[in-house]
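Both ligands and their constituent atoms are indexed starting at 1 by order of listing. Heads up: numbering here begins at 1 and tracks the sequence. Worth saying up front: this structure is predicted, and the values here are computed from it rather than measured.
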Amino acid sequence: MASLSHLGWRSFHSQQLTLEDLETAYPARVSGVHRSGLAVVSEQGTSSVTVPPRLLESLELPITVGDWVLIEHAAPRVQRVIAPYSVIKRHAAGTDHRLQTIAANLDTLFVVTSCNDDFNPSRLERYLAVAFEAQVEPVIVITKADQCDNPASFINEANALGTTAAVIAVNAMDITTAAALEQWLQPGQTVAFVGSSGVGKSTLVNTLTGNTQQATGGIREDDSKGRHTTTSREMFALHGGAWVIDTPGMRELKIGAVEAGLRTVFDNIETLAAQCRFRDCKHESEAGCAVLAAIAAGQLDPRRLASYRKLQREAALAEMSTRERRARDRSFGRMASSAMKVKEKNKR
Ligand SMILES: Nc1nc2c(ncn2[C@@H]2O[C@H](COP(=O)(O)OP(=O)(O)O)[C@@H](O)[C@H]2O)c(=O)[nH]1
Ligand SMILES: [Mg+2]
Ligand SMILES: [Zn+2]
């Protein structure tokens, strides 16, 4: 059976263990999250465990695929969650402003798009910001290179973003693609595939695992016409010793408070901004604006500046709504606990 380090266990995780933990529980990695509980892998093999409701309620972030948990020796039950060294999050759609977790303890995030209409630089910037914020290395994977006359033009456009992310174009169905991704798939490494529905995430996972574990072929997640698509996140072992996580397609990735990640993605604008005459330059019409000068000289794509502004606004809104929700939860918690005290008093 796999050793802990082959399962992706690091000293970062060991450092969180107490002697008491080791007496009462053992570490296991979450490979699937289901309504009834978790699928986990450990040195003992694979099993299903439950999560006590009290523990669930106490968590700031929901347990996700790739997380490490401690399982009680006495029962197939989670004792506690080990903090991950990285976690990919997104802001939930809708009004409750919660954070959703996509995958934890990741080394690499493969941002998947295709050589077709799905390719969209501003969407890539969104995913890259989320990866950089989590300090996970992003790699841009452009699929369907076999269906396209000029894959190099897509590679050039992705490289023109000017980030540190590697860019590769592949045929997701071709077995040689595994070799192209090999450097990110070393033993004990964990990677996840994210991107729109239909871009080839499950096809890539199948090519890497060498089988057809994941149903493919869907363009829409809710397709009722019998197409099979990925509906949940699952972690698979590769023969080479790496772990891959497939995710359902997202119509749009709403970003959370990823200001630092955005500064990394738009590093070239930040560098220019440092040269503006005014420290508080908004790059709108100010004299001596280095950003506007670069746009006028054709050295900076105006789309980049517009995208940066839009994402900064979205991140600020996410930050504000998360803070408001926390305050609301806290005052609700106080109300609930004073109500409990009254109840206790009345009992006596
Ligand atoms: N020709 C070609 N087809 C691909 C490629 N990648 C994915 N497909 C096809 O695109 C469809 C959607 O792929 P799927 O893996 O289900 O996408 P997912 O929603 O991202 O998981 C399937 O019919 C795949 O066979 C590729 O690189 N080349
Ligand atoms: Mg899929
Ligand atoms: Zn400026």
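For ligand 1, the polar-atom distance check against Met173 finds no nitrogen or oxygen pair separated by under 3.5 Å. Between Gly200 and ligand 1, an N or O atom pair is found at a separation short of 3.5 Å. Between Ser202 and ligand 1, at least one pair of N/O atoms sits closer than 3.5 Å. Taking only nitrogen or oxygen atoms, main chain and side chain alike, Asp246 does not reach within less than 3.5 Å of ligand 1.
At a 4.0 Å heavy-atom cut-off, ligand 1 touches Lys201 through backbone and side chain alike.
Of the N and O atoms on the side chains of Arg29 and Ser42, not one donor lies less than 3.5 Å from an acceptor on the other residue. Looking at Glu137 and Trp184, their side chains do bring a donor and an acceptor atom within 3.5 Å of each other. Residues Asp67 and Thr64 bring no donor and acceptor atom of their side chains to less than 3.5 Å of each other.
Residue Asn171 has at least one heavy-atom neighbour below 4.0 Å for each of these atoms of ligand 1: 26 (C), 27 (O), 28 (N). Using a 4.0 Å cut-off to heavy atoms of Thr203, the atoms of ligand 1 that qualify are 7 (C), 13 (O), 14 (P), 15 (O), 24 (C).
Looking at His283 and the Zn ion (ligand 3) together, the shortest N, O or S contact belongs to ND1.
For the pair Cys115/Thr143, no side-chain contact is recorded, criterion being any heavy-atom separation below 4.5 Å from C-beta on.
For the side-chain contact (heavy atoms from CB on, under 4.5 Å) with Ile71, the lone residue among Leu38, Thr24, Thr50, Val78 that qualifies is Val78.
Not a single N, O or S atom of Thr247, from either the backbone or the side chain, sits less than 2.8 Å from the Mg ion (ligand 2).
A donor-acceptor contact shorter than 3.5 Å links the side chain of Gln186 to the backbone of Glu182.
Heavy atoms only, all atoms of each residue included: Phe278 and Ala287 are closest at CE1-O, 3.6 Å.
Rounding to 10 degrees gives 120° for the angle at the Zn ion (ligand 3) between SG of Cys276 and SG of Cys281.
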